[in-house]
Number of protein chains: 2
Amino acid sequence: MSGDRLARRRDSARSRELLLRAAVELFAEKGFDRSTVREIGERAGVDPALIARYFGGKTQLYIAALRAERGDTVRADLLDPEYLLELLERVDRRGPGPLLRAVVQPHADPEAQDAARATLYARLVEPLRERFAREGRDRPELRAEIVVAAFVGVLLGRRSGVFDGLARVGSDDLAALLRDTLAPDGDRPPPHRPE
Amino acid sequence: MSGDRLARRRDSARSRELLLRAAVELFAEKGFDRSTVREIGERAGVDPALIARYFGGKTQLYIAALRAERGDTVRADLLDPEYLLELLERVDRRGPGPLLRAVVQPHADPEAQDAARATLYARLVEPLRERFAREGRDRPELRAEIVVAAFVGVLLGRRSGVFDGLARVGSDDLAALLRDTLAPDGDRPPPHRPE
DNA sequence: GTCCTGTGTCATCATGTGTAGACATCACGC
DNA sequence: GCGTGATGTCTACACATGATGACACAGGAC
């Protein structure tokens, strides 16, 4: 039983962890395509060949990074003011996770695509759907998807370098504005669509 | 004066045009990174080496594609129901343009990045900003950016293969829902946030 | 000590990429 | 007919990428 020590010279668990952490960062910063295994290895301080050994390949590492990011699952939905602000600030600090990227860019690898889909639903769509259903709104799932997609658009747009104001505004400020525009406040009467 | 004839066997203008059109399509379908000059040439039925000759390189071709897409500039903003629906249907038919991709993913090439920014502002942000300013809302530019980013999120999310319902819903249906959730209806009283 | 398994390092391969240049072929003026 | 510039075609290069396997070495079992 030598696996307990942390500062071992040769420690596969540690190498694995370093790779995973670097992968989360890089996939978040540059997306899956533009991140290279060599760069991940360099940031982790670990030989990139170990990616293949420990994860099986770049795609599997991506999926693992997706799962690792999910670790801090929160039992709240986007329309919860606290959660919204927290999410905004987290993205400010650590950048968007690999998950958010998947929302707007289809993956070539269907396996990665599906992992992203499952994670996204569990973390963001489903809580929102529940809220909408609870509030008795029509088509809760579709509404939840729309809000999530819109929200992700704003989050990513903020860092894309394309929007001047969006990049500069503070996260608390933005949170208020977002809830103002995105969130259908409960007190608004349900729109009667003629159909 | 032989440039007038259209069906010439050798016609640089025609080759250029074919390349440009194929580039717009491919950049829209797969994004800048995943599109290769060889594939563009193949789709255009033109030798890819001509890309370098006529445009200077892949990046310059991308910028040209951006400009070409702008051709159908409309004098309307996203909150105009007709324009919204039209945009939705166009994306349905032809996919998101290369422009929309730039909203959520920064480009490696700063020149391309800036071209995307300028085009985006002229086509989408600025009209919305004008509307908001006309309506006397506070921070019209920031609001415009938020709405555009959110809208792009939905458009791209629709095709990312991550959202089930979003991918299936019809564009007219979606347009109604979008105006319902995204658009701050003028008649809605400004929400009084207790804080 | 001597093996032996886990772990790390390195070189290399197969493939795809953008780009450049050499060469061929056409249109057109003379 | 023939040269000349424009246009198109093809090959090759230099490079990056993901993957793989051979080898080196540590660290404990016996």
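Here is the naming used below: chain letters follow the sequence lines, and residue numbers restart at 1 for every chain.
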Original post:
Taking only residues at least two apart or on different chains, which pairs with a member in residues 54-66 of chain A satisfy side chain to side chain donor-acceptor pair (under 3.5 Å)?
Top reply: A:T59-A:D109, A:Y62-A:H107

Subject >> side-chain contact (heavy atoms from CB on, under 4.5 Å) partners for A:A115, two or more places apart >> reply: A:I63, A:L66

Original post:
side chain to side chain donor-acceptor pair (under 3.5 Å): which pairs involve residues 162-173 of chain A, sequence neighbours left out?
Top reply: A:D164-B:R117, A:D173-B:R139

**OP:** Rounded to the nearest angstrom, tell me the gap between atom CG in B:L18 and atom P in D:dT7.
**Re:** 15 Å

Subject >> Pairing residues for A:R43 by the side-chain contact (heavy atoms from CB on, under 4.5 Å) criterion, not counting sequence neighbours >> reply: A:A22, A:E25, A:L26, A:E29

Original post:
Can you tell me how far the CD1 atom of B:I146 sits from the CG atom of A:L174, to the nearest 0.5 Å?
Top reply: 5.0 Å

**OP:** Name all pairs fulfilling the side chain to side chain donor-acceptor pair (under 3.5 Å) condition that reach into residues 150-163 of chain B, sequence neighbours left out, sorted by first residue then second.
**Re:** B:D92-B:R158

Subject >> Selection: residues 51-64 of chain B, any non-hydrogen atom under 4.0 Å of DNA chain D >> reply: B:R53, B:Y54

Subject >> salt bridge (Lys or Arg N to Asp or Glu O under 4.0 Å) against A:R34, all qualifying residues, sequence neighbours excluded >> reply: B:D33

Original post:
Are any of A:S12's side-chain N or O atoms less than 4.0 Å away from OP1 or OP2 of C:dG8?
Top reply: no

**OP:** Can you sort out the partners of B:A133 under side-chain contact (heavy atoms from CB on, under 4.5 Å), two or more places apart, ordered by chain and number?
**Re:** B:R129, B:P140

Subject >> Gap between atoms CD and P, on B:E17 and D:dG8 respectively (whole Å) >> reply: 14 Å

**OP:** Kindly write out the residues that satisfy salt bridge (Lys or Arg N to Asp or Glu O under 4.0 Å) with B:R21, not counting sequence neighbours, or none if the list is empty.
**Re:** B:E17

**OP:** Could you identify which residues of residues 40-48 of chain B place a heavy atom less than 4.0 Å from some atom of DNA chain C, listed by residue number, or say none?
**Re:** none

**OP:** Nearest whole angstrom, please: distance from the P of D:dT9 to the CG of B:L50.
**Re:** 7 Å

Subject >> Interatomic distance, A:R38 CZ vs C:dT12 C1' [rounded to whole Å] >> reply: 10 Å

Original post:
Between residues 19-37 of chain A and DNA chain D, which residues have a heavy-atom gap below 4.0 Å?
Top reply: A:S35, A:T36, A:V37

Original post:
Just how far is it from atom CG of A:L18 to atom CZ of A:R16, taken to the nearest 0.5 Å?
Top reply: 12.0 Å

**OP:** Output all residues satisfying side-chain contact (heavy atoms from CB on, under 4.5 Å) with A:V125, sequence neighbours left out; order by chain, then residue number.
**Re:** A:L120, A:Y121, A:A144, A:E145, A:V148, B:F163

